[in-house]
Student: 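Sending over a structure as structure tokens; questions will come in a sec.
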2 protein chains.
Amino acid sequence: MTPKLFPLVSADVALFSIGDGCLQVLLAQRGREPQKGFWALPGSVLNPDLDHSLEATARRALREKLSLDVPHLEQVKTFDGATRDPRGWSLSVLYCALLPRDQVQAVAVSRVEKVRWADADDFGDLAFDHAQLLQVARCALRERVKRHALPLHLLPHKFTLTQIQRVCEMVLRTGRQDDVQLDKGAFRRRFAHASDFVAVEGEFETGAQRPAQLYRIAAGFRF
Amino acid sequence: MTPKLFPLVSADVALFSIGDGCLQVLLAQRGREPQKGFWALPGSVLNPDLDHSLEATARRALREKLSLDVPHLEQVKTFDGATRDPRGWSLSVLYCALLPRDQVQAVAVSRVEKVRWADADDFGDLAFDHAQLLQVARCALRERVKRHALPLHLLPHKFTLTQIQRVCEMVLRTGRQDDVQLDKGAFRRRFAHASDFVAVEGEFETGAQRPAQLYRIAAGFRF
DNA sequence: TAAATAGTGTCTATCAGACAATATCGT
DNA sequence: ACGATATTGTCTGATAGACACTATTTA
């Protein structure tokens, strides 16, 4: 028998994806007290017998509850204090993950928890201090893209330059109405010498227009 | 009697200052097992009865052990796992603080712990995984200055533009030998419209040269 | 006057935003 | 041909690095 956990240590995940033309985040409905029935970020309490690290705790939460495996999980910030959880002194490490929607069957597969996609800028009330956690993760994501990092893991395996740009615009938005428009020329110029992604020679996205070159994430890319 | 802590939760602080012409960090010698006698970042185990938050734990550590109070304490990253501390599953939140040397009497005052200033890029072996913690804090500090944030809290109350520049160069260095030289003109131009600090009218630093205007941190400045 | 450092000005390469021009598809 | 979007090119203003020049002190 392992000793009782005190303080309460857990890992929570802000899992972002693109859907309905905007940035969305995965929420899970709490199945037990406290705050049963409230929506919250998916997460799990540390199990020292199973988890070598809190990142492992986060991965286990996604795997067990959502049958989901994410490539990159990044620590965002730690939230702690005596009053944030009614059970007492608690600490939660917030992680951030990005997934292309076509790799997320979570909503369909999950029988353990009720889950839904929420607009990343309009998600309503959440359990505990999770609204604050989510806002911090959302903001961290926006700041990274502002610093010219590319959220390529929000895109499908193959993608066009215009698709990257649209995704960046969605991440940069601060609300639903906001209309962030990046300049096409400037945006493409930035990647003339970058190596985050590479062209898939001979493959194009077709449509009622000139075909668009398809790209894929370069080996070694993180974030 | 409070329940026994499990996992072991603590807060550690990387306290930077300028001394001996380089960026230094404050180390404390461990006074008890495990790793007694090893040098480590100052820190303390969470005491739920005293600490409302882990930042409070960090402040308490500085206050109790070093008779020190810092204005700004910033969370850097959380380190955790089953093997980083011989006592078992542990978690430590790393904080970063900046202090002008003339406000640090720690080395003289402290009778609780033996402390010393170490070169921030050459600090030798440390207890537990503290060498890694320190490297992460050091790197985070460098990145912030690279992004044009000013580590004004490393400077004395009043300072000259050249002093800011020297401090930035020290922070940007990656090692002792490295010779980062910022351009004076470009450096000053950056702050023509900035509001991080303001001139102290009529006050100058004198020497064997043209007197230099003194500045002080503007109200509301963080970091 | 010389040495030292403060403070300012100039030139240029680079880059981002704005926007125009051209290319290549489906219909 | 036309509409739509991809891709490329041009112009311009802002900015950073390099470096030179002037200013003001002590010795």
Side-chain angles (χ1 to χ4, degrees), chain A residues 18 21 142-150 152 155-156 158-174 178-216, chain B residues 18 21 142-150 152 155-156 158-174 178-216:
Chain A
I18 300 292
R142 189 186 295 112
E143 288 303 315
R144 279 191 84 143
V145 173
K146 268 193 195 165
R147 282 180 225 137
H148 291 183
L150 290 175
L152 297 184
L155 292 157
K158 293 176 185 173
F159 46 83
T160 67
L161 293 182
T162 300
Q163 284 169 0
I164 304 181
Q165 188 180 335
R166 295 285 167 264
V167 166
C168 284
E169 287 167 348
M170 284 186 262
V171 171
L172 291 173
R173 276 196 254 280
T174 55
D178 206 344
D179 196 30
V180 177
Q181 292 262 13
L182 300 177
D183 182 80
K184 186 167 50 171
F187 188 81
R188 286 161 182 253
R189 210 166 18 193
R190 287 222 307 260
F191 309 113
H193 302 288
S195 56
D196 287 345
F197 51 83
V198 294
V200 184
E201 296 298 337
E203 294 208 35
F204 299 89
E205 176 91 339
T206 59
Q209 73 278 351
R210 173 171 171 178
Q213 174 68 56
L214 281 168
Y215 295 82
R216 59 173 179 76
Chain B
I18 300 293
R142 190 185 295 113
E143 289 302 315
R144 279 190 84 141
V145 173
K146 268 192 195 166
R147 283 180 223 137
H148 291 183
L150 289 175
L152 297 184
L155 292 157
K158 293 175 186 173
F159 45 81
T160 67
L161 294 182
T162 301
Q163 284 168 1
I164 304 181
Q165 186 180 335
R166 295 285 167 266
V167 167
C168 285
E169 288 167 349
M170 283 184 261
V171 170
L172 290 173
R173 276 197 253 283
T174 55
D178 205 345
D179 196 31
V180 177
Q181 294 261 14
L182 300 177
D183 181 80
K184 184 168 52 171
F187 188 82
R188 286 161 182 250
R189 211 166 18 194
R190 286 221 309 259
F191 309 114
H193 303 288
S195 57
D196 287 345
F197 51 82
V198 294
V200 184
E201 296 298 338
E203 294 208 34
F204 298 89
E205 177 92 339
T206 59
Q209 71 280 350
R210 172 172 173 178
Q213 175 68 55
L214 281 169
Y215 296 83
R216 60 172 178 77

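Below, read A as the first sequence line, B as the second, and so on, with proteins coming before strands; counting in each chain starts at 1. The shown structure was predicted, so the numbers you read here are calculated from the model rather than taken from an experiment.
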Student: So, Arg188(B) and Thr162(B): side-chain donor and acceptor under 3.5 Å apart, yes or no?
Tutor: yes
Student: Atom CZ of Phe204(A) to atom C1' of dA4(D): distance rounded to whole Å?
Tutor: 18 Å
Student: Under 4.0 angstrom, heavy atoms only, what part of the nucleic acid is Thr160(B) near: base, sugar-phosphate, or nothing?
Tutor: nothing
Student: Base contacts versus sugar-phosphate-only contacts with protein, heavy atoms under 4.0 Å: please encode nucleotides 17-27 of chain C as B, S and - from 5' to 3'.
Tutor: BBB---BBBS-
Student: What class does the angle between the rings of Phe159(A) and Phe197(A) fall in, given that below 30° is parallel, 30 to 60° is tilted and above 60° is perpendicular?
Tutor: perpendicular
Student: Can you check the Gln213(B) CD to dG7(C) P distance for me, whole Å?
Tutor: 7 Å
Student: What's the separation between atom CD in Glu201(B) and atom CD in Gln213(B), rounded to the nearest 0.5 Å?
Tutor: 6.0 Å
Student: How long is the line joining CD of Gln165(B) and P of dA18(D), in whole Å?
Tutor: 12 Å
Student: Whole angstrom is fine here: how far is it from NE2 in His148(B) over to C1' in dT15(D)?
Tutor: 10 Å
Student: Which whole-number value in Å describes the distance from Glu205(B) CD to dT24(D) P?
Tutor: 18 Å
Student: Please check: side-chain N/O of Gln165(A) versus main-chain N/O of Phe187(A), any donor-acceptor pairing under 3.5 Å?
Tutor: no
Student: Counting only N and O atoms by type, is there a donor-acceptor contact under 3.5 Å from the side chain of Arg173(A) to the main-chain atoms of Asp179(A)?
Tutor: no
Student: What integer distance in Å separates Gln163(A):CD from dA6(D):C1'?
Tutor: 12 Å
Student: For His193(B) and dA14(D), give me the distance from atom NE2 to atom C1', rounded to whole Å.
Tutor: 11 Å
Student: Distance check needed: dT5(C) C1' versus Leu161(B) CG, whole Å only.
Tutor: 13 Å
